[in-house]
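The structure appears right after this line, and notes come after that.
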Amino acid sequence: MQSGLLSLTFDIALSHWCIFNRSYAEQIVATWKIQFDKSDIIHKIALLHLANDILQNSKRNGNEFVIEFWKVLPAALKDVIAENNPRGERAVSRL
């Protein structure tokens, strides 16, 4: 449980850091994509949740992340679905 709480706290902090540095949205999303491509399914799901959090919380400050994630998220979602993992499919359907 403590590990999960630490992970959640880190994810929230990372999301806030990304939003604060939204002028680097292109570089942040490019780095997100690199990490996504070399991750296993569990980490891909976590990265999708991170992207969702960034998108949901940054849109009131500008559309930089919407523009950049729009370029990579469709392929990322297809990639998770292609792995035929029920957990991944549930995550994609919720997002």
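Atoms considered below: every heavy atom in the structure, side chains included; atoms not considered: hydrogens, waters and symmetry mates.
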One pair to check against side-chain contact (heavy atoms from CB on, under 4.5 Å): Leu48 and Leu77. What are the steps and the verdict? CA-CA 8 Å; Leu48 286 175; Leu77 295 171; 3.9 Å; yes

Indicate if [X] and [Y] have the same hydrophobic cluster label, given that clusters are the connected sets of ILVMFWY residues with side-chain heavy-atom separations under 4.5 angstrom.
| X | Y | answer |
| --- | --- | --- |
| Ile45 | Leu14 | yes |
| Phe65 | Tyr24 | yes |
| Trp32 | Trp17 | yes |
| Ile42 | Leu47 | yes |
| Ile81 | Val72 | yes |

[X] [atom1] to [Y] [atom2] distance, which is reported to the nearest 0.5 Å:
| X | Y | atom1 | atom2 | result |
| --- | --- | --- | --- | --- |
| Ser15 | Leu55 | OG | CG | 9.0 Å |
| Ile19 | Arg60 | CD1 | CZ | 7.5 Å |
| Arg22 | Glu68 | CZ | CD | 14.0 Å |
| His16 | Ile54 | NE2 | CD1 | 10.0 Å |

Sorted by chain and residue number, the salt bridge (Lys or Arg N to Asp or Glu O under 4.0 Å) partners of Lys59 (sequence neighbours excluded) come out as none

Candidate pair Lys71 and Val29, rule side-chain contact (heavy atoms from CB on, under 4.5 Å), full reasoning: CA-CA 9 Å; Lys71 298 173 186 175; Val29 174; over 6 Å; no

Of all heavy-atom pairs linking Lys44 and Ser39, the shortest is CE-O, 3.1 Å

Shortest non-hydrogen contact from Ala25 toward Glu64: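 So the two residues come closest at CB-CB, 3.7 Å.
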
Could you tell me which residues satisfy side chain to side chain donor-acceptor pair (under 3.5 Å) with Asp40, sequence neighbours excluded, listed by chain and number? His43

Kindly check if the number of other-residue, nucleotide or ligand heavy atoms within 6.0 Å of CD (Glu89) is above 12? yes

